[in-house]
Amino acid sequence: MPKKTFSRNQNRITEHPILEFERKKRIRFFFQGRPLYGYEGETIAAALVANGIRVFRHTEKLNRPRGFFCAVGKCSSCLMQVDGQPNTMVCIEPLRPGVRVEPQQGRGKLP
Amino acid sequence: MRETGIAVVGGGPAGLCAAITASRLGAQVCLIDDNDRLGGQLIKQTHKFFGDKSHYCGTRGIDIASILFQELESTSTRVIPGTSVVGLYPGHVLGLADRSRFSKLACKSLIVATGAAENNLLFPGNDLPGVYGAGAVQTLMNVHGVRPGRRVLMVGSGNIGLIVSYQLVQAEIQVAAVVEALPNISGYHVHAAKLARLGVPILTSHTIKTALGHESVTGAVICKVDKNFGPVPRTERQLKLDTICLAVGLTPLAEILWQAGCQMAYVPELGGHVAWHDEKMQTNQKGIYVAGDVSGIEEASTAMLEGRVAGAHAFEQLRGSNTQSRRIIEQARTELRAIRQGPFSRRVVCGKNKLVEMAGK
Ligand SMILES: Cc1cc2nc3c(=O)[nH]c(=O)nc-3n(C[C@H](O)[C@H](O)[C@H](O)COP(=O)(O)OP(=O)(O)OC[C@H]3O[C@@H](n4cnc5c(N)ncnc54)[C@H](O)[C@@H]3O)c2cc1C
Ligand code: FES
C-alpha cells in the first residue's frame, strides 16, 4: 500500500440532527506499526475508516484491493491480520487497546 | 452439552418477538445472535418507521429495538450474544462459534430468524474498497458515527436506497445522485420527496456502468438504460466521488435451513431461496420454524408478528396449546392479514401464495 499521511479521525461525525455519539474511552491501536486512535465500543473496521483507511487486504490471485462491504460479518470482504491472527473479520471485531492490525496479503500468514 | 427447549437464531425484530412470546408462555428459550448488541437491522434505523399504527409506526427503529430488548429482559430467556450459529447436526444440535471457542447446544424446537444479506451488483470494479452495501453504510454512520466517504453514488431507489441517501445527507455527506434502472422510483413517495427537496437528483432509467479507481473508488460511470435494461450508447457520464452505495435488494440468509434439509423454493417475490413454511411458520422439518426476512424479505412489523406466531406455535408443539397461546396466534394472524392488505404488500403476498400452492406437491 502506498504510504500516505492521514489526517487523524477525519471521518468522525461530530454533529447529527438525530443521533448522539457517546465516545467513551479513547483507545490507541496500531496499523502497520503506526499508532492510531479509536474509541471503546467500536469495531476495528469503524476505527480504520474513521482514520481514512479503506484498503484492508489484497486478494490471493489477482492482488485486488478489498475493504469492507457488509459491515455485519456476512461477506468476508474485510479479513485482516489482527495480533498476528489472519482472516479476522474486522467489521465485527471490537477494537481493543494496543491491538496490532495489519493488512492481509492473500490468505495471510499463520502466527 | 448445553440444552434448551426452544433455540431462536437471530436477535432482530423477528427473533426477539419469538423469544419474548415463547418465554412468556412458559417455554425455556435460548436466543443466539452473532452481534454483541441485539436488534438486528433495527439498531441502525434512525428514521421513523412506516407501517401500521399499532406496530410502532412513527417510532424510530433504534427505539423499537430498545422497547423489545426491555421486554426480553423481563423474561427468563437466556441470551447468547456475540455468537454465530455455524451448523446444525442431526437431532436439533446447533454448532455455536464465538470469538474463541466452538460449542454445541441441543434444542427441542428451533426458530430460524436470521434475516437477510445485502445483494451485490455486477459491474467492473464492484469489488473496490469504497463500494459498500447500503446497510453497511448505515451501520458505519448510525451505529459508529463514522463517515464512509465524502461523496456518494446511491444505486437503487427502493425505500432502503432513499432512506439511506437521506441519512447520508444528515451526516453531511454529499449524495451525487441516486440511480434507478427502472423507469420509475420504486420506494415511497414521501422518502423521494424529502430527497428531492434537498436537491439530490434521482435518475430513473439509469444505472452504474463502472466503478473507477485503482486502490479504492475515485469515481463512477453512469449511463441511461433502455426498456430491457441495456445501456443506451453515448449516454455515459463520469462522476467524481469516493463511495458507491448499493441498495439493490436483500437475499434471505437461509444456510441453516438448507443444512436442516428443509424444502427450499426459489421465489423472486420473497428475495430468493426460502424454506417452504405453513401458517404456523413451520418448515417441512417438524420443529423447525422460520420468521422475518429469512422467510421472505418484508418489513419489521411483519417480522415481529411472524416471530410471535412462530414463538407461540413452537411453545404449543412442546407443551400443548392453551387459551393464551391460541389468543396470541389468532391476534398476530389477524394483524398480519390486515397489514398485508396494503398495496405495497402485493408482491410479498404473491410470493407467500406461491409457497401455499407448493404445499400439495
Ligand atoms: C435501510 C432500511 C430501512 C428499513 N425501513 C423499514 C421501515 O421503515 N419499516 C419497516 O417495517 N421495516 C423497515 N426495514 C426492514 C426491517 O428492518 C427488516 O425487515 C427487519 O429488520 C427484519 O427482521 P428480522 O428479525 O427478520 O432480521 P434482522 O433484523 O436482519 O435480524 C437478524 C439477526 O440475526 C443475526 N444472525 C443471522 N445469521 C445468524 C447466525 N447464523 N447466527 C447468529 N445470528 C445470526 C443477524 O446478525 C441479525 O442480528 C428497513 C430495512 C432497511 C435495511
Ligand atoms: S465486511 Fe462483510 S464480513 Fe466484514
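Below, chain A is the first sequence line, B the second, and so on; all start at residue 1. Atoms considered below: every heavy atom in the structure, side chains included; atoms not considered: hydrogens, waters and symmetry mates.
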Inset, instruction - May I ask you to check whether over 12 heavy atoms, not counting those of B:Arg150, lie within 6.0 Å of atom CZ? - result: yes
Inset, instruction - Could you tell me whether a side-chain N or O of A:Arg23 sits under 3.5 Å from a main-chain N or O of B:Gly145, the two making a donor and an acceptor? - result: yes
Inset, instruction - For A:His16 and B:Gln167, run side chain to side chain donor-acceptor pair (under 3.5 Å): C-alpha distance rounded to whole Å, both residues' side-chain angles, the deciding distance at 0.1 Å, then the answer. - result: CA-CA 10 Å; A:His16 195 283; B:Gln167 293 175 352; over 6 Å; no
Inset, instruction - Using non-hydrogen atoms and a 4.5 Å limit, figure out which bit of B:Thr139 sits close to chain A: side chain, backbone, both or neither. - result: side chain
Inset, instruction - For each of B:Asp36, B:Asn120, B:Asn35, B:Ile62, tally heavy-atom pairs with chain A at distances under 4.5 Å, and name the one with the top tally. - result: B:Asn120
Inset, instruction - Would you mind checking which part of B:Asn142 comes under 4.5 Å of any heavy atom in chain A, side chain (CB onward), backbone (N, CA, C, O), both or neither? - result: both
Inset, instruction - Would you mind checking which part of B:Arg37 comes under 4.5 Å of any heavy atom in chain A, side chain (CB onward), backbone (N, CA, C, O), both or neither? - result: neither
Legend entry - Any donor-acceptor N/O pair, A:Arg54 side chain to B:Gly130 backbone, under 3.5 Å: no
Legend entry - Shortest non-hydrogen contact from A:Arg12 toward B:His144: NH1-O, 4.2 Å
Inset, instruction - Please name the pair of heavy atoms, one in A:Pro65 and one in B:Pro129, separated by the smallest distance, quoted to 0.1 Å. - result: O-CD, 3.5 Å
Legend entry - Residue among B:Gly135, B:Pro148, B:Gly149 with most heavy-atom pairs under 4.5 Å to chain A: B:Pro148
Inset, instruction - Can you tell which part of A:Arg64 gets under 4.5 Å to a heavy atom of chain B, answering side chain, backbone, both or neither? - result: side chain
Inset, instruction - Examine whether an atom of B:Leu246 lies under 4.5 Å from a heavy atom of chain A, and if so say whether it belongs to the side chain, the backbone or both; otherwise answer neither. - result: side chain
Legend entry - Distance in Å, B:Ser216 OG paired with A:Ile53 CD1, rounded so as to fall on 0.5 Å steps: 12.0 Å
Legend entry - Region of B:Asn126 that comes under 4.5 Å of a non-hydrogen atom in chain A: neither
Legend entry - Side-chain heavy atoms of A:Leu19 within contact of B:Gln170, under 4.5 Å: no
Quiz: residues 68-78 of chain A side-chain donor-acceptor pairs under 3.5 angstrom, not counting sequence neighbours:
{"residue": "A:Lys74", "atom": "NZ", "partner": "B:Asp34", "partner atom": "OD2", "Å": "2.9"}
{"residue": "A:Ser77", "atom": "OG", "partner": "A:Gly67", "partner atom": "O", "Å": "2.6"}

Legend entry - Carboxylate-amine/guanidinium contact B:Arg99 A:Glu93, below 4.0 Å: yes
Legend entry - B:His273 atom NE2: more than 12 heavy-atom contacts under 6.0 Å: yes
Inset, instruction - For the residue pair A:Val49 and B:Leu140, establish whether any side-chain heavy-atom pair is separated by less than 4.5 Å. - result: yes
